[in-house]
Amino acid sequence: MDLLQTGIVLLMVVTLAVPMGKYIAAVFSLESTKLDKGFGKIEGIIFRLGGIAGDSMTWKQYAKAVIISNFVMFGAGYLILRLQTFLPLNPNEIGNMDPLLSFNTAASFLTNTNLQHYSGESGLTYLSQMMVIMFLMFTTPATGLAVCMAFIRGLTGKESLGNFYVDLVRAHTRILLPLSFLVSMLLVSQGVPQTLSPNVEAMTQEGNVQQIARGPVAALESIKHLGTNGGGFFGVNSSHPFENPTPLSNVIEILSMFLLPASLPFAFGSMSGRKKTGRMLFGAMAIMFLGFLSVAYISETYGNMALQEAGLSQEEGNMEGKEVRFGIAQSTLFTAVTTAATTGTVNNMHDTLTPLGGMVPVAQMMLNCVFGGDGVGLINILMYGILAVFIAGLMVGRTPEFLGRKIEAGEMKLIAITILIHPLIILVPSAIALATGMGSAAVSNPGYHGISQVLYEFTSSAANNGSGFEGLGDNTPFWNISTGLVMLFGRYFSIIAMLAVGASMMVKKPVPETIGTFKTDNSTYMAILLGTVLVVGALTFFPVLALGPVADALTLR
Amino acid sequence: MFKNLRIVLVLLFACGLVYPLAVNGAANLLMPEKANGSLIEESGKVRGSELIGQAFNEPKYFSGRVSSIKYDGAGSGSNNYAASNEELAKRTKDDINAFLVANPGVKKEDIPADLLTNSGSGLDPHISPLAALIQVPRISKERGIQEEVLRKLIKEQTEGRQLGIFGEPRVNVLMLNRSLDEK
């Protein structure tokens with residue numbers, strides 16, 4: 001039954017991803033399409049209100065528009081958090097957020113990370129949930145999609161990179177807003193609350209008082225997943241019965257967060273006119289995903305030997321930190337998807353996973369290209385794709401080409417730096433945190449697992465995932481500042497560098513394909529791509545994984 | 001900068017106000033009970049939510065899963081014990097001993113793992129059918145209800161896999177205990 005329900009969900013992902021990929025390609029087409037008729041009117045109003053002309057941009061203009069608009073969003077979010085207690089829609093009388101936590105929260109939601117050092121129940125007003133959290137949950141995946149589209153336009157030599165504001169608005173009007181409304185309704189039908197009324201007080205069956213927190217949950221829940229955001233309305237995120245009440249809501253949430261990342265390779269195939277390359281990219285990511293999912297599932301089914309030793313049967317698997325309605329199958333699938341798509345929502349507590357089960361999310365975030373977040377995931381795998389061509393080119397002694405364009409020193413330098421930045425902003429801060437009391441004081445689990453907790457926090461920040469080994473006591477100035485900076489760096493460095501790469505590829509003269517051209521749409525290339533990703537990942541991260549999860553697994557009795 | 005401010009304000013208005021209020025309106029119009037949190041009301045008083053677990057400490061009630069927050073729905077969470085944390089093993093040993101005292105005749109190896117582990121949310125409303133069945137002799141003695149009747153009650157309250165495929169079979173502890181009190 002476990003295999004069947006997992007298989008059905010994954011089959012649904014593929015079935016939805018193929019047509020969605022085509023649709024995305026049409027949404028962001030530079031030529032006018034039928035979609036303009038349907039959405040043109042409302043977009044016209046938005047463009048007029050926003051004062052957007054829609055001329056094509058150079059990569060510098062595009063990058064500048066990304067940075068400045070994101071900065072304004074950050075400012076708006078920060079201000080509302082700091083002043084939330086004075087603003088309307090605060091029925092539960094929640095106070096203002098302190099400056100450092102507000103910085104961390106605004107940075108976290110701006111970068112599509114959604115790392116949360118607060119708990120929604122006690123930390124945010126309903127207005128903040130709507131005008132900070134939900135607002136940024138829309139704009140950040142839209143930003144990621146826009147940049148991804150500009151990058152693809154560059155790689156495939158379209159006439160221009162496009163206009164950032166047009167891409168940003170289209171991502172909202174044609175994809176995220178309508179889909180979110182639909183998914184919200186489906187989730188309410190499963191029992192997810194959606195109300196502006198305050199928390200309720202109940203008299204329990206045993207005659208005690210129980211407070212029950214609620215709020216506008218459904219509207220947040222849908223975009224949280226569709227936008228690969230991941231920040232929960234409540235502290236425990238999608239393991240809370242109000243965020244994810246039934247197995248079916250769990251499936252809806254999995255499909256929502258996997259939909260866009262899984263469809264982007266197909267969109268790439270459509271836009272570049274190289275459908276086979278798109279399918280090959282999808283296949284490569286799917287192979288990695290299935291491998292990771294299997295490790296997590298097997299490890300969690302096997303259970304926790306320490307509890308077996310203590311006398312508790314582990315026949316049901318490792319149930320600490322999991323919900324009965326999901327069991328092992330729906331929990332491990334959710335864990336694998338949320339860290340592949342770098343969403344960061346959780347339906348079980350990752351801190352309580354078995355050591356090897358917990359290594360799966362960390363490893364996927366370290367690779368950062370097993371599907372990845374909306375837009376940025378595809379950028380990352382394409383970056384590795386170019387690196388793979390380059391390495392293969394070096395081996396056979398030919399000038400490397402990708403999609404019929406020569407790859408030269410300029411692009412390779414940017415790609416190499418971008419690939420190196422990711423481990424740098426994970427490993428250096430982790431080392432600092434573990435070496436100083438400021439960081440290691442937050443560790444809640446003793447032994448090697450403590451190393452994993454710190455490593456997970458920075459990996460999650462750098463990959464803009466946002467899940468955590470939540471035992472970590474992370475609402476301190478050290479963690480708020482350090483993870484805030486890592487998130488910002490992890491997000492914007494690669495975005496800007498890849499826009500530059502895209503622009504320089506765009507103006508190159510296409511080289512005609514000959515019999516000697518290295519093909520990028522067959523299984524040989526897929527193997528080289530997988531090899532590149534795994535070798536680079538393993539060389540970089542194996543030592544630290546050995547200190548954390550691997551040592552934890554070996555010493556567990 | 002000014003242009004950016006304008007477009008950001010438009011999006012803030014659309015995504016932060018128009019969208020959630022539209023969802024709110026539609027949800028409360030079409031599915032008001034669910035939109036309000038699936039509350040259980042009894043003569044005007046709220047007795048809980050169908051979806052949120054409650055603490056059951058009295059022996060005459062079926063008990064639910066371990067909750068470090070004691071099912072206080074104002075928050076959510078767990079202790080986040082790592083598999084290797086010795087506190088976890090200690091808590092489990094203590095809970096096993098307490099359970100064996102409260103349920104004489106039960107063999108240690110028959111206790112289902114979900115009953116003595118902390119749920120992720122600390123608010124899990126469910127236990128596995130096995131975890132309910134293992135408590136039947138105790139409830140039967142406490143309440144003087146025949147075991148057969150209790151087993152039938154559990155069967156009635158068991159939710160199967162959704163659509164026959166998804167998730168796990170489970171029993172809602174609050175609903176089961178409410179039906180006990182109605183007996």
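Here the structure is a predicted model, which means the values were calculated and not measured.
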Check whether A/Gln194 reaches the backbone of B/Ala35 with its side chain - one donor and one acceptor, N or O, closer than 3.5 Å.
no
Kindly say whether A/Gly311 contributes a backbone atom to a donor-acceptor pair with the side chain of B/Lys108 at under 3.5 angstrom?
no
Surrounding CD of B/Glu142 (heavy atoms of other residues, nucleotides or ligands, distance under 6.0 Å), is the total greater than 12?
yes
CD1 of B/Ile145: more than 12 outside heavy atoms within 6.0 angstrom?
yes
With a 4.5 angstrom heavy-atom cut-off, is it the side chain or the backbone of [X] that approaches chain A, or both, or neither?
X	result
B/Ile40	neither
B/Tyr71	both
B/Leu9	neither
B/Ser84	both
B/Val10	side chain
B/Tyr61	side chain
B/Asp181	side chain
B/Ala55	backbone
B/Ile96	side chain

For residues [X] and [Y], is any side-chain donor paired with an opposing acceptor at under 3.5 Å?
X	Y	result
A/Tyr165	B/Asn4	yes
A/Ser444	B/Tyr81	no
B/Glu58	A/Gln205	no

Charged N to carboxylate O below 4.0 Å: is that the case for B/Lys60 and A/Glu206?
no
State, yes or no, whether a side-chain contact exists between A/Met131 and B/Leu17 at a heavy-atom distance under 4.5 Å.
yes
